[in-house]
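Chain letters run A, B, ... following the sequence lines, proteins first, then strands; residues in each count from 1.
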Amino acid sequence: MYDPTLDVCDGVIAESMSEYDSQDDKPLVFRRNSATPQQNESNPEITIIKQNASNVMEKTLKEEGQSRSNSEDSDDDKPLSVKLSSGALNGNSHHIRMGSNLSCPSPYTSPKPRIIKGPEDEMLLSSELQLNAGASNAESSDSDESKPLASELEEPSSSLNKRPLIQPKISDPSPSKKAKLSEPSAPTNRKRKQPKAEEAAADDDLPISNRNKKSTTPASKVSDKKKRPDVSASLNKVNKQSNKADFSKSLKVPPGSGEGQKWTTLVHNGVIFPPLYKPHGVKMLYKGNPVDLTPEQEEVATMFAVMLETEYMTKPKFRENFMSDWRKILGEKHIIQNLEDCDFTPIYEWHQREKEKKKQMSTDEKKAIKEEKMKQEEKYTWAVVDGVKEKVGNFRVEPPGLFRGRGEHPKMGKLKKRIFPNDITINIGKDAPIPEPPIPGERWKEIRHDNTVTWLAFWNDPINPKEFKYVFLAASSSLKGQSDKEKYEKSRKLKDYIEGIRAAYTKDFASKDSKRRQIAVATYLIDKLALRAGNEKDDDEADTVGCCTLKVENVETKRPNILKFDFLGKDSIRYQNEVEVEPRVFSAIEQFRSGKEGGDDLFDQLDTSKLNAHLKELMPGLTAKVFRTYNASITLDEMLSRETKGGDVAEKVVVYQHANKEVAIICNHQRTVSKSHSAQMVRLNEKIEELKGLLKELQEDLTRVNKGKPPLKNSDGKPKRNLNPEALQRKIAQTNTKIEKMERDKETKEDLKTVALGTSKINYLDPRITVAWCKRHDVPIEKIFNKSLLAKFAWAMDVDPNFRF
DNA sequence: GAGTGCACTTAGTATTCCATCC
DNA sequence: GGATGGAATACTAAGTGCACTC
């Protein structure tokens, strides 16, 4: 396993220290806010060009449910009367008034549920493409190497599945006009992973993890018995024909030709591995004496040593888990028996010196290293999907290290072992050359040719072997773009159902069926507070909750109708919020709490499956998470529309940032306050004071000059240049502008110190809202989206300027 | 209906890049 | 050309939800 002589793994220059850079955990500051406005949409006709290795096909799809005209918008413009408290941005908990203004004719007015016979309740089932089980092993793919890249597979068929649904508010276009591809609900009901089941059947019906030996054999045999053609060379054929424009950002293609099928041809070079460990030989101390460690023992000790300055060191669980795993490597009889007697400082100091050396390298040296690294990695950075070159997202296998779970994770500190090729399953086109494992003598665990999934490779998470780590295409790929677009289309569709849904759950607040009452209240909270669904969690995960898993102790009731939330959500981020709710919601919560202990489930008859099953009866494909996207996007749309008054580009950008911030607050997207925040504020204040001093001086000079006197001397006692009154006035104006800008910057900095704006921009805000707004208001899109977002949202760039969510 | 496997999205933090200032 | 700080990017943990089995 350890080869001290090797500091290059598949050409990557070993940077052993880079794997151990320290990370700090800092406490967070919390705040909440909420707003839930509504808006409507337009209906762009979408031109989709499908391109693969052999052809370019163009088809125009009328997007399902998109033929609604802007004139319909007005019907939806019914604000939910969500009152924000003034403490919103000061780290205070919030007091949000909800519901009381929502009586008729509000979104809570009684629904008129109807059975729909139109296409809304068509639940499309896709028949899965048959994968040739025989072809799924490497033998057959090997023999197929000479085949062209694009192989044709069977087209999927569809069938119907009907449910009673709440009628969407608008009348939908005729079923015949609907394109399956853009029907967001369709895939949700499809039969899943049939090819995989067949493949699994061919593979003994065993879980992947148990199929290791059996499945590894064929692939491994292949790489032994026959020398593969150079994958890179093969890809380069495509590459030569592809220039930058071939990257998917230029496409408007829905990838895959069927519901379950994601691609037809897939070619890639596999993954790149971190360099093998290079021992440094620096000895740590045990009871004050230097200790000899094997490279393997030293590697794990170094992982710990480089974290000495992090907060993990103060966590007993982290230390305990580390020691437990390290002891397995040290062996029972090793001199090191107790972590408290260990002194890792020599290794820590060595690491600091290495970091410093790296920092001190000249720009040219750094550049040369970077270029070399890029050269070595280049072939792993892209894949060819249906003849189109696409960026790969995470082509680097995760290096070994100590697990840095968030919050009070019971597994923090455990050793994340090194991943080797025989841990990795590769997914690749049947006719594509299988990449050679980059570590000599190693074989891939398994080769698959599953075109119903988008991953290129996966391995079992060493911390939780039941789970997987996947290698996917980058966010800019067509596959990701299509899926993103479908997500926003689905949440946009919720707008047509939301009134009925709100009316339905409002009615159920008083239902005699307690399960129904719990579903109603949970849906209300998810809708109004953008709470996450809250799946059940195992004991070996951090103790966090979402809506369905809220505990009694997480929601306090304050009469007459205030709910006080306090819990740890995803990533152990604290959610604190005080909300005024509908009296019936308040009563229901009081009832759910009664007779229970603090640690008991608030919604004891509910879980996410039951909740989502219920939501699907109201709208095809509706799940709890759709509400978050819907509320985020509609808030942005509404705020941009309401608050853009004109002014220059900078002022409009401020309007956008303000709306973005509101969404981030609604979604509780937080970040830690940067270490240098207070120092930066001090500096800003100093600069402002300095400018104010200058301003005062200039004003005095102006008064003197107006009286025909010379200006005051400067701080050195030397005479200043005698400026004319106009020049002085100009300087005064400039200084004033500078001060104003700095004051604004200071305010914004303070305001946003704990709010993460990026998360909502990347995941929740329909980019078409942004693009259309930019077009309507002559704001260059680059002012809002950086390079990555422009690539990720390439599919949204052609949106009609009149688009509304 | 509970439990689980699997595939994917969402999330915060660390690191790197790059512009600006001195 | 070094320091600084904000933006961009990389990394990987932690969620959601569907399909399937029992």
Taking CD1 from Ile526(A) and P from dT16(C), how many angstroms apart are they, rounded to a whole number? 9 Å
Rounded off to whole Å, could you give me the CG-to-P distance for the Leu456(A) and dC8(B) pair? 10 Å
Within the pair Thr623(A) and dG17(C), is there a side-chain N or O less than 4.0 Å away from OP1 or OP2? yes
Rounded to whole angstrom units, what separation is found between the CH2 atom of Trp455(A) and the P atom of dT9(B)? 15 Å
Looking at Asn612(A), I'd like to know whether one of its side-chain N or O atoms comes within less than 4.0 Å of OP1 or OP2 on dG17(C). yes
Without decimals, in angstroms, what is the distance between Asn786(A) CG and dT16(B) P? 19 Å
On DNA chain B, does the nearest nucleotide to Asp607(A) precede the nearest nucleotide to Asp484(A) from the 5' side, or the other way round? Give the residue. Asp607(A)
Quick one: is Lys262(A) getting a side-chain N or O under 4.0 Å of the dC8(B) phosphate, OP1 or OP2? yes
Residues at least two apart in sequence or cross-chain that pass ring-ring contact (aromatic ring centres under 6.0 Å, His included) with Phe565(A), listed by chain then number, are none
Under 4.0 Å from OP1 or OP2 of dT10(B): is there any side-chain N or O of Lys625(A) that close? yes
Could you state the atom-to-atom distance from CE of Met681(A) to P of dT4(C) in whole Å? 19 Å
Tell me if the centroids of the rings in Phe403(A) and His409(A) come within less than 6.0 Å of each other. yes
Length of the CZ-P vector between Phe472(A) and dC6(B), whole Å: 13 Å
By nearest atom, which of the nucleotides dT16(C), dT10(B), dG12(B) is closest to the Ile573(A) side chain? dG12(B)
Among all residues two or more places apart in sequence or in another chain, which pass the ring-ring contact (aromatic ring centres under 6.0 Å, His included) test with Phe304(A)? Phe322(A), Phe344(A)
Set of residues satisfying side chain to side chain donor-acceptor pair (under 3.5 Å) with respect to Asp601(A), sequence neighbours excluded: Lys551(A)
OP1 or OP2 of dC8(B) under 4.0 Å from side-chain N/O of Ser483(A): no
Counting any heavy atom closer than 4.0 Å, what does Thr363(A) reach on the DNA or RNA strands: base, sugar-phosphate only, or nothing? nothing
Any residue meeting side chain to side chain donor-acceptor pair (under 3.5 Å) with Tyr470(A), in chain and number order, not counting sequence neighbours: none
Nucleotide N/O of nucleotides 17-21 of chain B paired with protein N/O under 3.5 Å:
{"unit_1": "dC17(B)", "atom_1": "OP1", "unit_2": "Lys370(A)", "atom_2": "NZ", "d": "3.0"}

For the pair made of CG in Leu611(A) and P in dT16(C), what is the distance, rounded to whole Å? 11 Å
With a 4.0 Å cut-off on heavy atoms, is Ser609(A) in touch with a base, just the backbone sugar-phosphate, or nothing at all? nothing
Check the distance between dT15(B)'s P and Lys366(A)'s NZ and give it to me in whole angstrom. 15 Å
Are the side chains of Arg574(A) and Gln670(A) in contact, using a 4.5 Å heavy-atom criterion? no
Holding to side chain to side chain donor-acceptor pair (under 3.5 Å), I want the full list of residues that pass it with Lys367(A), two or more places apart in sequence or in another chain. none
Less than 4.0 Å between a side-chain N and a carboxylate O, is that true for Lys792(A) and Asp484(A)? yes
Residue list, side chain to side chain donor-acceptor pair (under 3.5 Å) with Lys783(A), at least two apart or on another chain: none
Could you go over nucleotides 10-14 of chain C and give all protein N or O partners under 3.5 Å, atom names and distances?
{"unit_1": "dC11(C)", "atom_1": "OP1", "unit_2": "Arg396(A)", "atom_2": "NH1", "d": "3.1"}
{"unit_1": "dC11(C)", "atom_1": "OP2", "unit_2": "Arg396(A)", "atom_2": "NH1", "d": "2.5"}
{"unit_1": "dA13(C)", "atom_1": "OP1", "unit_2": "Lys416(A)", "atom_2": "NZ", "d": "3.1"}
{"unit_1": "dA13(C)", "atom_1": "OP2", "unit_2": "Lys469(A)", "atom_2": "NZ", "d": "2.2"}
{"unit_1": "dA14(C)", "atom_1": "OP1", "unit_2": "Arg406(A)", "atom_2": "N", "d": "2.6"}
{"unit_1": "dA14(C)", "atom_1": "OP2", "unit_2": "His409(A)", "atom_2": "NE2", "d": "3.3"}
{"unit_1": "dA14(C)", "atom_1": "O4'", "unit_2": "Asp571(A)", "atom_2": "OD1", "d": "3.3"}

Non-neighbouring partners of Phe567(A) that pass ring-ring contact (aromatic ring centres under 6.0 Å, His included), sequence neighbours left out: Tyr575(A)
Is there a side-chain contact between Thr672(A) and the phosphate of dT13(B), meaning an N or O under 4.0 Å from OP1 or OP2? yes
N or O in side chain of Lys787(A) less than 4.0 angstrom from dA8(C) OP1/OP2: no
Using the closest heavy atom to pick a nucleotide of DNA chain B for each, name whichever of Ala756(A) or Asp538(A) lands nearer the 5' end. Asp538(A)
Lys487(A) side chain N/O closer than 4.0 Å to the phosphate oxygens (OP1, OP2) of dC8(B)? no
Nearest-nucleotide pick for Lys358(A), side chain only, options being dA2(B), dT16(B), dT9(C): dT16(B)
First encountered from the 5' end of DNA chain C, between Gly534(A) and Glu782(A): Glu782(A)
NZ (Lys493(A)) and CG (Leu622(A)) are apart, to the nearest 0.5 Å, by 10.0 Å
